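Working notes, structure below.
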Amino acid sequence: MKFGKNLERVVELSDPEWSPFWLNYKHLKKMLKEVQHTPAPSAAGAPIAKPPNGLSSPEALSKSAGEVAFFKFLRQELRKCKEFFASAESQFLVRRARVREGWRQLTAVPEVPVDGEQYKRLMAACVRLYKDLLLLENFAIMNYTAFSKILKKHDKLTGFCTRERYMKNVVNMTTSFTHYPRVLEMLEDVEELFRGIQTHANIAHSSEEQLFIDAMRRYARSELSCATSCRSLALA
């Protein structure tokens, strides 16, 4: 499946309230078509030819209105994705603390019997948090890959070489979703809670919830290798 279609599918599976915060990959592709067909005029009035592959003259880029508009919009999209990720991560840290506190209260006095409904409610809260954390991990992976993919398309169409430099100096240096250790740590923590609840109350999440979790993991795995290679390339 092409990346654009894969991205659309993941967005559809995510929280609808997150929709405005994903990279607008489709619009950026449209902007590239306009850049491709509107070369900047030189001082003499003739169009500036595309540079040879491997070059990226700042002067040539700055003289193209299409290039300026493309990178301005790309920067806006980067800020949008970064701010949403940071906000969601902070909210999930609070939710994780609340779930942890609920677990502590239920297991504080082992001699006191606990109503099974309380364990069910705690399990439901864990499942909701885990699913949202998986979605946030996918948000990081898919958006990171989208930035790399759209820059690769840009360089292929224009002849400029901007991808490695932009990913290294802009995306990797300014985004909170380039690396997300706290999200990974929260995922591991909630998995530990799953095991604890199952041991104490013999409660498991539903098969429907497991299907959703498995689907999110498949999407993450399918793009993770690409994101990892893009990150390694940018860091080289």
Side-chain angles (χ1 to χ4, degrees), residues 9-19 21-22 80-145 171-172 174-228 230-232 235:
R9 180 59 178 155
V10 173
V11 173
E12 289 172 1
L13 289 172
S14 297
D15 189 327
E17 294 183 1
W18 295 17
S19 296
F21 303 104
W22 291 82
K80 175 187 72 175
C81 294
K82 176 186 70 173
E83 291 176 354
F84 172 79
F85 183 90
S87 175
E89 186 180 58
S90 296
Q91 293 174 30
F92 294 165
L93 284 167
V94 173
R95 287 172 59 186
R96 191 269 299 269
R98 290 173 178 169
V99 168
R100 266 289 174 195
E101 177 59 21
W103 171 248
R104 188 195 66 78
Q105 292 181 14
L106 287 180
T107 58
V109 185
E111 297 79 12
V112 178
V114 177
D115 182 5
E117 286 300 317
Q118 292 179 283
Y119 278 116
K120 288 181 181 179
R121 287 195 293 271
L122 183 60
M123 174 61 86
C126 285
V127 169
R128 288 194 297 271
L129 177 57
Y130 193 76
K131 288 164 67 175
D132 285 344
L133 285 167
L134 283 176
L135 289 174
L136 190 60
E137 182 187 24
N138 273 345
F139 181 90
I141 293 170
M142 297 299 289
N143 278 298
Y144 186 90
T145 306
V171 178
N172 287 349
T174 63
T175 61
S176 53
F177 62 83
T178 301
H179 301 286
Y180 42 91
R182 288 191 294 186
V183 171
L184 296 176
E185 186 264 333
M186 283 190 280
L187 283 166
E188 292 179 359
D189 200 19
V190 177
E191 288 172 358
E192 182 182 337
L193 282 171
F194 281 152
R195 292 190 289 270
I197 295 171
Q198 289 169 349
T199 300
H200 277 73
N202 195 27
I203 298 173
H205 43 273
S206 69
S207 57
E208 181 180 345
E209 289 163 341
Q210 186 61 52
L211 286 172
F212 178 87
I213 289 171
D214 291 343
M216 287 297 97
R217 285 172 172 164
R218 282 196 300 273
Y219 278 115
R221 282 197 299 267
S222 68
E223 296 299 337
L224 184 57
S225 59
C226 179
T228 302
C230 292
R231 189 177 293 117
S232 299
L235 292 173

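All values below come from the heavy atoms of this structure, side chains included, with hydrogens, waters and symmetry mates left out. Everything quoted here is computed from the prediction, not taken from an experiment.
- The environment of CD in Glu12 is crowded: more than 12 heavy-atom neighbours from other residues, nucleotides or ligands sit within 6.0 Å.
- In this structure, Glu191 CD and Leu133 CG are separated by 10.0 Å, a value rounded to the nearest 0.5 Å.
- The shortest heavy-atom contact between Thr178 and Val171 is OG1-O, 3.3 Å.
- Expressed to the nearest 0.5 Å, how far CZ of Arg95 lies from CG of Asp132 amounts to 4.5 Å.
- The minimum heavy-atom distance linking Cys81 with Phe21 is given by the pair SG-O, 3.4 Å.
- When side chains are defined from C-beta on, Gln118 does not count as touching Gln105, because their heavy atoms never get closer than 4.5 Å.
- Here Arg195 does not pair with Glu192 in a salt bridge; the nearest charged N to carboxylate O distance is not below 4.0 Å.
- In summary, Arg182 and Glu185 do not engage in a salt bridge, as defined by a charged side-chain N under 4.0 Å from a carboxylate O.
- In terms of heavy-atom proximity, Val99 sits nearest to Ala125 at CG2-CB, 4.2 Å.
- Residues Thr145 and Ile141 have side chains in contact (heavy-atom distance under 4.5 Å, counting atoms from C-beta outward).
- The shortest distance between side-chain heavy atoms of Asp189 and Arg100 falls below 4.5 Å.
- Note: Met186 CE to Glu89 CD = 5.5 Å, rounded to the nearest 0.5 Å.
- Heavy-atom minimum distance, Arg96 versus Leu129: CA-CD2, 3.6 Å.
- Here Leu122 contributes atom CG and Leu106 contributes atom CG; the two are 6.0 Å apart, rounded to the nearest 0.5 Å.
- Contact detail for Asp15 and Leu135: the closest heavy-atom pair is N-CD1, 4.1 Å.
- Taking 4.5 Å as the limit, every side-chain heavy atom of Ser14 sits out of range of all side-chain heavy atoms of Asn138.
- The two residues Lys80 and Trp22 have their closest heavy-atom pair at NZ-O, 2.8 Å.
- Here the side chain of Thr107 pairs a donor or acceptor atom with the backbone of Trp103 at under 3.5 angstrom.
- In this structure, CZ on Phe85 lies 13.5 Å from OH on Tyr144, to the nearest 0.5 angstrom.
- Under the 4.0 Å criterion applied to side-chain N and carboxylate O atoms, Glu101 and Arg98 are not assigned as salt-bridge partners.
- Expressed to the nearest 0.5 Å, how far CG of Leu136 lies from CG of Leu187 amounts to 9.0 Å.
- Ring orientation note: the planes of Trp18 and Phe84 are nearly perpendicular, at an angle over 60° on the 30°/60° scale.
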